Amino acid sequence: MEFTKTPGWLDWYAGPSQPRFQVPAGAVDAHCHVFGPGAQFPFAPERKYTPCDASKQQLFALRDHLGFARNVIVQATCHGADNRAMVDACKASGGKARGVATVRRSISDAELQELHDAGVRGVRFNFVKRLVDFTPKDELMEIAGRIAKLGWHVVIYFEAVDLPELWDFFTALPTTVVVDHMGRPDVSKPVDGPEFQLFLKFMREHPNVWSKVSCPERLSVTGPRALDGEQNAYRDVVPFARRVVEEFPDRVLWGTDWPHPNLKDHMPDDGLLVDFILQIAPTPELQRKLLVDNPMRLYWPEES
Ligand SMILES: O=C(O)c1cc(C(=O)O)oc(=O)c1
């Protein structure tokens, strides 16, 4: 099947630089995606965007180039609840990738078990309205109850302004809960202001809640961009991510977010995104927790 990219689509950055920051041995890129290829794994009819292709081979090449050992491949919304591309990548990784799936209530126990055998360890619930249609909360809660029995967790993606409305649902989830991209704070607001303080309270009061301190390129308003060798990129995001890393060092994850769906302004150099980690996790101990210990505990508990 032939697909035409969404107008203005930015393709992932070809030829990323070699990071200056050498990540610790065994580091995990805990948030990345594959897109198709569309000819092999068609994009879902209900998708809100049509991306460029981003194959498993290209993802694994990036992993090796950046010095990472493993990936967590998160189902991208352009594939809906058809997890074949993500599952194919997990299976092809030789145990070096785990997955996070999107499932509907109609999924059978046998299908859940097949996902588990392929390496899936979580489901993603998405509340970002530009990405997905609404799913009733009772359906999501039913799915959460079922996947809890497999030892999986729930990944949630939402925007900061929606946290108050979603609070009761999130805090009732029976599993570990992993927040994508720090719940998308508005970084033009103060880090000590009510909006981000509510997010910190969410983590403080609920020890089952983890956060990915990822996507500065999405959250930044004033940059500078991770391009042209910039070693101090996205300075406006740093206080937010650093606060989360320092207060909750055992409940944070980091990922490239490659191939960076829906960026409108620029496509970052992934090598420089790795260097960004030094700004938010300044000590070797924090780096090891963020990049190795925490993702291993969540995704490869049998090895950690
Ligand atoms: O902000 C986004 O556009 C975005 C989209 C997706 C997805 O389409 O799955 O995943 C992400 O992590 C971020």
Side-chain angles (χ1 to χ4, degrees), residues 3 5-13 28-38 41-56 59 62 71-87 89-90 97-104 120 122-135 140 153-163 177-187 210-221 234 237 240-241 252-268 270 273 295:
F3 288 96
K5 291 185 278 188
T6 297
W9 185 264
L10 296 182
D11 293 2
W12 44 276
Y13 189 95
V28 182
D29 175 353
H31 186 98
C32 50
H33 311 281
V34 286
F35 297 151
F41 301 110
F43 301 115
E46 72 271 26
R47 69 191 179 281
K48 305 289 186 207
Y49 62 87
T50 307
C52 62
D53 286 334
S55 72
K56 59 180 185 282
L59 175 66
L62 180 75
N71 295 112
V72 178
I73 308 174
V74 176
Q75 174 73 355
T77 59
C78 56
H79 281 293
D82 175 350
N83 293 289
R84 281 176 297 171
M86 180 273 292
V87 160
C90 288
R98 294 287 193 234
V100 173
T102 295
V103 305
R104 309 271 182 243
V120 171
V123 290
R124 190 181 202 203
F125 296 166
N126 203 318
F127 301 89
V128 178
K129 294 173 191 81
R130 72 183 157 82
L131 293 174
V132 287
D133 295 326
F134 175 77
T135 306
L140 297 176
H153 60 270
V154 174
V155 174
I156 52 178
Y157 191 24
F158 61 93
E159 294 180 329
V161 288
D162 296 323
L163 180 55
V177 174
V178 181
V179 178
D180 275 341
H181 320 323
M182 297 187 286
R184 293 197 61 111
D186 177 347
V187 301
W210 295 39
S211 179
K212 292 178 196 164
V213 287
S214 42
C215 278
E217 71 285 4
R218 242 177 235 298
L219 302 173
S220 182
V221 178
Y234 312 124
V237 183
F240 292 81
V252 283
L253 301 170
W254 185 88
T256 54
D257 193 37
W258 188 90
H260 309 286
N262 301 311
L263 289 185
K264 298 277 183 274
D265 180 70
H266 68 287
M267 191 46 69
D270 295 281
L273 275 185

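Note that this is a predicted model, so its numbers are computed, not measured. Each ligand, and each atom within it, is numbered from 1 in the order the structure gives.
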Apply ring pair (Phe, Tyr, Trp, His ring centres under 6.0 Å) to residues H181 and H31 and explain how you reach the verdict. CA-CA 9 Å; H181 320 323; H31 186 98; 4.6 Å; yes
Any sub-3.5 Å donor-acceptor pair from T50's side-chain atoms to T6's backbone N or O? no
Measuring from non-hydrogen atoms of D180 to any atom of ligand 1, is the shortest distance under 4.0 Å? no
Show your working on side-chain contact (heavy atoms from CB on, under 4.5 Å) between T102 and F125 and close with a plain yes or no. CA-CA 7 Å; T102 295; F125 296 166; over 6 Å; no
Any side-chain donor near an acceptor of the partner, Y49 and R130, under 3.5 Å: no
closest protein heavy atom to atom 6 (C) of ligand 1 is P261 CG, 3.7 Å
Among R218, R124, E159, which one puts a heavy atom closest to atom 11 (C) of ligand 1? R124
Out of curiosity, is H33 lining ligand 1, as in a heavy atom under 4.0 Å away? yes
Any idea which part of N126 is under 4.0 Å from ligand 1, heavy-atom wise: side chain, backbone, both or neither? neither
Within a 6.0 Å radius of atom NZ on K129, are there more than 12 heavy atoms belonging to other residues, nucleotides or ligands? no
Looking only at distances, can you tell me whether any N or O atom of H181, backbone or side chain, sits closer than 3.5 Å to an N or O atom of ligand 1? yes
Just let me know how V128 lines up against ligand 1, side chain, backbone, both or neither, with a heavy-atom cut-off below 4.0 Å. neither
For G38, does its backbone N or O pair with a side-chain atom of D53 as donor and acceptor, under 3.5 Å? yes
With nothing but distance in play, are any N or O atoms of T77 less than 3.5 Å from an N or O of ligand 1? yes
Just jot down the ligand 1 atoms closer than 4.0 angstrom to any heavy atom of H31, in number order. 12 (O)
Which atoms of ligand 1 sit under 4.0 Å from any heavy atom of A76? 9 (O)
S214-D257 side chain donor-acceptor pair, cut-off 3.5 Å: no
For Y234 versus H266, what's the shortest heavy-atom pair and its separation? OH-NE2, 2.7 Å
Within ligand 1, which atoms have a heavy atom of R184 less than 4.0 Å away? 1 (O)
